[in-house]
Each structure stands twice: as structure tokens, then as C-alpha cells.
Amino acid sequence: MGLKLFNSLTRKKEDFVPLRDNHVGIYVCGVTVYDYCHVGHGRAAVVFDTVFRYLKHLGYDVLYARNFTDIDDKIIKRAAEEGTPWQEVTRKYIAAFYEDMGKLNIAAPNVEPRATGHIPEMIEMIASLVDQGKAYTSDGDVFYSVTAFPGYGRLSGKNPQELMAGARVDVNEKKRSPLDFALWKKSKPGEPSWDSPWGPGRPGWHIECSAMGRKYLGVTFDIHGGGKDLIFPHHENEIAQSAGCSGQPPVKYWMHNGFVNIDKEKMSKSLGNFFTLRDIYKCHHPEVLRLFLISSHYRSPIDFSEKNLEDAEKVLSRFYEGIDAATRELASQGVIAPAKPERAGGAFMEKFEAAMNDDFNTAVALAHMNEELRALNTWTKAPKSQPSQDVLARLNALKQAGQLLGLFSRSPGEFQAELFELKNRALGLDTKKIEALIEERNAARRGKDWTTADRCRDELAKMGVVIEDTAGGTEWKIK
RNA sequence: GGCACCGUCGCCAAGUGGUAAGGCAGAGGUCUGCAAAAUCUCCAUCGGCGGUUCGACUCCGCCCGGUGCCUCCA
């Protein structure tokens with residue numbers, strides 16, 4: 001059974017068939033670099049990173065492009081606010097993007113084009129549209145004439161007539177129709193500008209994706225992704241431009257991820273209810289955030305809350321601990337599990353792939369992983385129940401599945417240490433005191449002085465420390 | 001107002017025309033001096049009302065409740 005994915009254009013789940021044999025071209029709208037990324041940006045990045053990883057896992061030769069919008073009104077505005085050149089604004093936030101997204105274990109796309117690096121390509125497309133009579137110039141601006149494109153509204157399910165009627169669009173005398181959108185914007189004095197056949201200016205937002213998608217992936221490519229909020233007008237306009245230019249549909253499958261909500265409301269700048277990734281990282285492990293983000297289907301809205309992150313942390317810790325315990329048990333039998341799992345098979349992998357093949361159903365994939373973890377734990381407690389080579393294969397499969405989802409990027413030890421660090425930042429625990437208490441308790445236990453032993457444990461519990469007596473000694477962690 | 005989408009156990013979250021995955025929390029058991037961890041068992045009839053059907057939570061209609069898009073937005 002092959003991959004099926006939901007195509008926003010047809011609103012149906014479709015069999016995925018690449019345009020060119022084994023090659024897949026995928027373009028995802030990145031971010032406009034004028035501020036720090038929030039959880040919503042994180043979700044989009046995680047969703048398409050997971051798609052990217054999984055397509056490669058299926059054996060496709062994937063070419064993944066994700067852009068940076070590094071020139072637009074918001075950037076110019078931010079530069080003015082910060083009193084810095086606009087190039088400094090984009091430099092700063094691109095660096096922040098890599099830092100924040102890197103922690104989410106987002107793999108690098110094959111190409112990361114920037115709008116400002118592709119002005120000639122955009123100008124060429126705009127010129128072509130003007131030549132074809134599908135765009136017009138107006139006082140130094142160039143607009144796309146939406147009425148010239150018969151399929152307008154198909155992706156977003158909108159009717160141009162109705163859009164026109166209910167147009168709340170700004171009144172702009174330069175435009176022939178309120179629905180027309182800018183391909184090229186005349187620059188005001190002091191604003192960044194590029195020379196063009198229509199005078200100095202800068203590109204409109206939509207044209208960059210059309211130009212860069214075409215340049216790197218071809219006139220028609222396989223998958224175009226982005227957040228649901230980009231469907232209209234951004235992607236609708238992109239189709240109009242690209243198809244208007246070439247006469248060909250630019251994209252075969254459109255994929256859109258759902259929003260991150262806070263109390264059922266969309267997380268957004270204007271509502272002010274957003275959390276930046278770097279804020280989250282102050283209290284939560286990035287991989288916990290990633291697990292949270294893939295714990296529901298990518299097209300559904302997902303409610304961001306402290307409780308949900310805590311749940312995700314418990315799940316992730318359980319995975320790491322189970323993998324760690326199984327790995328140790330195997331090692332004790334002289335079986336060494338490789339850190340990087342090889343290509344795995346087996347019943348579990350088949351179920352995992354079936355889930356992922358069903359429009360990237362990560363929630364079901366995780367359910368299978370939980371079941372497999374339970375089986376693994378059962379073995380760890382009773383190692384004679386299965387041959388260790390079989391267990392090694394199962395462990396490998398579980399790790400591989402997790403890594404396909406961008407999880408298990410650390411060793412169990414690293415993960416525990418990072419989690420400890422994070423939690424201890426708030427508690428500021430006195431490690432020496434904890435170890436002294438544990439020693440006191442163990443001394444009491446040796447003397448069967450259970451009252452003292454329990455008192456020590458209660459005291460530790462009050463500090464937020466949980467202890468665990470194992471065969472190898474007493475271990476402790478922060479609750 | 002127009003167009004979409006959603007409403008599944010206390011919480012999170014899959015799913016389906018033939019009687020509901022998984023996680024958290026909870027109850028009980030095993031293990032443990034006691035715990036913790038792990039494991040086992042238990043724990044929902046799917047917003048409401050009609051209809052279609054041999055059979056619906058899954059299809060249709062209406063109602064109630066919630067959200068999104070229609071302006072920049074992942």
C-alpha cells in the first residue's frame with residue numbers, strides 16, 4: 001500500500017504518484033524574517049520536516065525547497081523601529097530561525113532560497129505576465145489582473161464574484177479590481193529597491209514563491225506546503241501567477257497544516273496570544289514540543305497548553321527510559337545496539353508505515369510505537385522470553401520509527417540530562433544535599449530502620465525529587 | 001453576511017457503514033521493607049433530534065455549541 005495524501009486542491013485523499021518516476025519536488029513556504037518564530041511556525045516546520053523525512057524513507061529522491069521571505073513591508077517597518085538597516089533585521093531573524101528550529105530537530109532542506117536573491121527571476125515572470133496581458137502597470141506598480149485567470153478561487157473554494165461583493169480590501173485607485181494583487185511595488189524614497197522595467201521597487205509577496213518554486217523544482221512540481229492560513233490569498237495568487245505565466249498548473253498536491261490554538265483560538269500576532277519557540281524552550285525540552293506537535297494529525301487544529309506539553313514529556317521520557325533499559329539489558333547479554341538503527345522491517349514497521357502512508361497519520365504511528373514500547377519493556381523485565389537478536393531488531397525498528405518522526409535525536413542519557421537541567425533551573429536543587437539524604441536513607445535501609453528511610457524519602461519528595469531503587473543502586477530524578 | 005471545518009472516555013487524541021487505537025489521570029493486582037519504575041486488569045457508544053440502511057458514531061437533513069478563512073499571518 002502506497003502513500004496517500006490529502007490534496008487541498010481536490011479536498012480528497014489521493015494516491016501519491018510523483019510527476020517524474022522516483023523524483024519528488026516539494027516547496028514549502030517558510031517565514032517572513034522580521035521576528036522570532038512562534039509555535040505556529042514550529043508546527044509548520046515540524047509537519048513538513050516529517051513529510052520530508054518520510055518521503056525519503058519511502059525511497060523517493062526528494063528535492064525540498066523552503067524559502068525565506070527577506071523583503072516585505074513588515075521587515076521595512078521593523079527596521080525602522082529598531083533603527084537598523086533592513087538587512088540587519090533579516091540577518092538577525094534568520095539566525096534566530098536556525099537556532100530555534102535546529103532545536104526542534106528540523107532537517108535542512110536541499111535549497112533555502114531567499115526572495116532578495118531572486119529578483120531577476122521574479123522580474124522575468126512579471127514581464128511575461130505583462131506581455132501576456134494578464135498583468136498591468138499602474139504608476140510604477142504592477143498588478144495581476146485576477147479576472148484574467150479563469151480558475152481563480154479554486155484552491156480556496158472562493159467565488160471571485162462573491163469576493164468582489166464582500167470585498168473589504170483596501171480601496172486602491174491604482175487597481176482595476178479590488179481582487180487584483182501587487183506583483184511589483186514601487187518603492188518610496190529611502191526604501192529598499194531594485195531596478196525593474198517599471199522603475200525602482202520591490203516584489204510583491206506572492207511572486208517570490210512562484211519564481212523560486214519554478215526555478216528550483218520546475219514549472220510543475222509535486223508538493224507545495226504551508227499553513228492553512230496561506231491558502232488564501234497567498235497560494236491562490238501563486239497559482240494564478242504561475243499558471244497564468246506557463247499555462248500549466250504549478251503544483252500537483254497542495255498540503256496545508258492546521259493551526260496551533262490557545263484556548264481554542266488561533267495563535268496569532270494580532271491576538272497577542274502567541275508563544276515564541278525560545279520562550280517555550282525556557283521550560284520545556286524542544287523534543288517534547290516536537291512530540292506534542294505530532295501527537296495530533298497535521299491538518300487538525302492543536303491546542304497548545306501546559307498540560308498537553310506535560311503529557312508529551314511523560315510519553316517521551318517513557319520512550320527514552322524504555323529504550324535505555326532495553327539497550328542496557330541487551331548489552332549485558334553482549335548484544336550491542338547501534339546508535340543509528342539500520343533499515344528495519346517487521347510487523348511493527350509495517351503498521352507504522354501504514355499509518356504514515358495514510359496522509360501522515362502521526363497520531364496512529366505514535367500509538368503503534370507505544371504498543372511496541374510496552375512489548376519491549378515486557379522483555380526487558382523478563383529477558384528470557386524472547387531471543388535477544390529478535391529484541392534487537394524490534395528495538396532498532398522502534399528507534400527508526402521515532403527518528404523518522406524527528407524524535408530520539410539524543411541518547412537517553414543526554415535527554416535525561418537536558419531534562420534535568422531544564423527542571424533544575426527553576427528548582428535550583430542542592431545536589432550534595434540530595435545525595436546525602438539518599439545515603440542516609442540507604443544506611444537506614446541497611447539497618448532496617450524503615451522510619452528513618454521513609455523520612456528521608458519524604459523529605460526528598462518535598463524537594464521535588466523522586467527516587468528509584470534499582471539493582472544498580474538508588475537513582476533519582478526531578479518529578 | 002458568504003464559504004469551510006470541528007464537536008469521540010475526567011483531559012489529550014485516532015478511527016470507521018457492521019457494534020470505538022494510543023497517551024495522561026483514576027481503580028485494583030504483580031513486583032518492592034514501603035515507594036518509584038515496569039507490567040497486568042478495569043474504565044466511553046461517539047453534542048441533540050429526525051431520516052436512509054438489515055445495521056450508523058461513521059451517510060443525509062435540521063438544531064445546538066465551537067473555530068477558521070473572506071486583510072498581513074505557519
Side-chain angles (χ1 to χ4, degrees), chain A residues 11 28-32 34-35 37-48 72-74 77 153 156-159 161-163 165-170 178-179 205 225-234 236 256-261 263-271 274 291-292 295-297 299-303 305 307-318 321-322 325 351 355 358 361-371 373-378 380-382 441 444-445 448-451 453-454 457-458 460-461 466-470 474-477 479:
Chain A
R11 294 175 187 74
V28 173
C29 289
V31 295
T32 301
Y34 74 104
D35 205 350
C37 290
H38 63 224
V39 186
H41 300 112
R43 183 178 195 189
V46 164
V47 164
F48 291 104
D72 95 331
D73 294 351
K74 291 191 288 288
K77 184 165 170 252
S156 55
K158 295 185 186 307
N159 177 332
Q161 253 75 43
E162 283 167 3
L163 277 173
R168 294 191 266 145
V169 190
D170 61 305
L179 297 190
W205 175 33
K228 269 192 162 72
D229 44 1
L230 298 182
I231 294 174
F232 189 90
H234 185 53
E236 194 71 72
H256 294 95
N257 65 275
F259 298 135
V260 176
N261 290 163
D263 293 331
K264 312 273 183 196
E265 269 186 332
K266 178 184 172 185
M267 179 184 288
S268 73
K269 296 257 177 181
S270 49
L271 284 167
F274 63 92
L291 177 62
F292 160 70
S295 61
S296 58
H297 188 86
R299 280 188 283 118
S300 306
I302 185 168
D303 220 39
S305 73
K307 165 78 165 63
N308 291 345
L309 283 180
E310 283 165 16
D311 282 358
E313 185 188 293
K314 285 178 190 168
V315 173
L316 189 58
S317 293
R318 223 169 82 86
E321 282 168 20
K351 285 194 282 186
D358 185 13
N361 196 329
T362 51
V364 168
L366 281 166
H368 294 315
M369 285 175 64
N370 269 300
E371 286 168 342
L373 174 66
R374 203 190 306 146
L376 195 64
N377 283 335
T378 300
T380 305
K381 290 294 170 191
R441 172 172 170 274
R445 288 173 72 215
K448 298 209 190 297
D449 177 1
W450 309 129
T451 316
D454 289 350
R457 199 184 57 218
D458 291 346
L460 287 161
V466 186
I467 53 173
E468 200 172 317
D469 297 322
T470 71
T474 301
E475 291 171 10
W476 64 278
K477 63 179 179 183
K479 195 176 192 304

Rounded to whole Å, please give me the gap between [atom1] in [X] and [atom2] in [N].
X	N	atom1	atom2	answer
Phe292(A)	C12(B)	CZ	C1'	9 Å
Leu271(A)	G68(B)	CG	P	8 Å
Asn370(A)	A14(B)	CG	C1'	12 Å
Leu291(A)	G22(B)	CG	C1'	12 Å
Phe232(A)	A4(B)	CZ	P	15 Å
His297(A)	G15(B)	NE2	P	7 Å
Asn377(A)	A37(B)	CG	C1'	9 Å
His368(A)	G23(B)	NE2	P	12 Å

A correct 5'-to-3' footprint of nucleotides 24-32 of chain B, with B, S and - meaning base, sugar-phosphate only and no protein heavy atom under 4.0 Å, is SS-------

Provide the distance between the two [atom1] atoms, one in [N] and one in [M], to the nearest whole Å.
N	M	atom1	result
A27(B)	C63(B)	C1'	39 Å
C5(B)	G10(B)	P	28 Å
C64(B)	C12(B)	C1'	24 Å
C49(B)	U8(B)	P	16 Å

Practice problem: Kindly say if Lys264(A) contacts the phosphate of C6(B), meaning a side-chain N or O under 4.0 Å from OP1 or OP2. | Solution: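 No, outside the criterion.
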
Notebook entry, point to check: Has Arg374(A) got a side-chain N or O lying under 4.0 Å from the OP1 or OP2 atom of G23(B)?
Noted result: yes

Q. How would you list, by chain and number, every residue that makes a salt bridge (charged side-chain N to carboxylate O under 4.0 Å, His left out) with Lys269(A), sequence neighbours excluded?
A.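 For Lys269(A), the residues satisfying salt bridge (charged side-chain N to carboxylate O under 4.0 Å, His left out) (neighbours in sequence not counted) are Asp35(A).
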
Apply salt bridge (charged side-chain N to carboxylate O under 4.0 Å, His left out) to Asp73(A) and list each qualifying residue two or more places apart in sequence or on a separate chain.
->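 Checked Asp73(A) against salt bridge (charged side-chain N to carboxylate O under 4.0 Å, His left out); matches are Lys185(A), Arg202(A).
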
As its Watson-Crick or G-U partner within any shown strand, both distances under 3.5 Å, A25(B) has none

Under a 3.5 Å limit on both distances, the Watson-Crick or wobble mate of A37(B) is none

Across the strands shown, which category fits [X] at heavy-atom distances under 4.0 angstrom: base, sugar-phosphate, nothing?
X	answer
Gly40(A)	base
Met369(A)	nothing
Ala367(A)	base
Gly258(A)	base
Glu371(A)	sugar-phosphate
Leu230(A)	sugar-phosphate
Lys74(A)	sugar-phosphate
Ser270(A)	nothing
Asn257(A)	base
Arg441(A)	base
Val28(A)	nothing

Could I get the full list of side chain to side chain contact (heavy atoms under 4.5 Å, CB included) partners for [X], not counting sequence neighbours?
X	result
Ser296(A)	Arg43(A), Ile302(A)
Ala363(A)	Asn361(A)
Glu321(A)	Ser317(A), Gln416(A), Lys477(A)

_Between the base of G68(B) and the side chain of Asp229(A), is one N or O donor paired with an acceptor at under 3.5 angstrom?_
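Not at all, since no donor on one side and acceptor on the other fall under 3.5 Å apart.
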
Exercise. Do we see a donor-acceptor contact under 3.5 Å between the side chains of Asn308(A) and Ser305(A)?
Worked result: yes

Review point. With a distance cut-off below 6.0 Å to the six-membered ring centre and an angular limit of 45° from the axis, does Lys158(A) pair with Phe232(A) as a cation-pi contact?
Key: yes

Short N-O contact, Asp469(A) and Arg441(A), less than 4.0 angstrom: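 A salt bridge links Asp469(A) with Arg441(A).
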
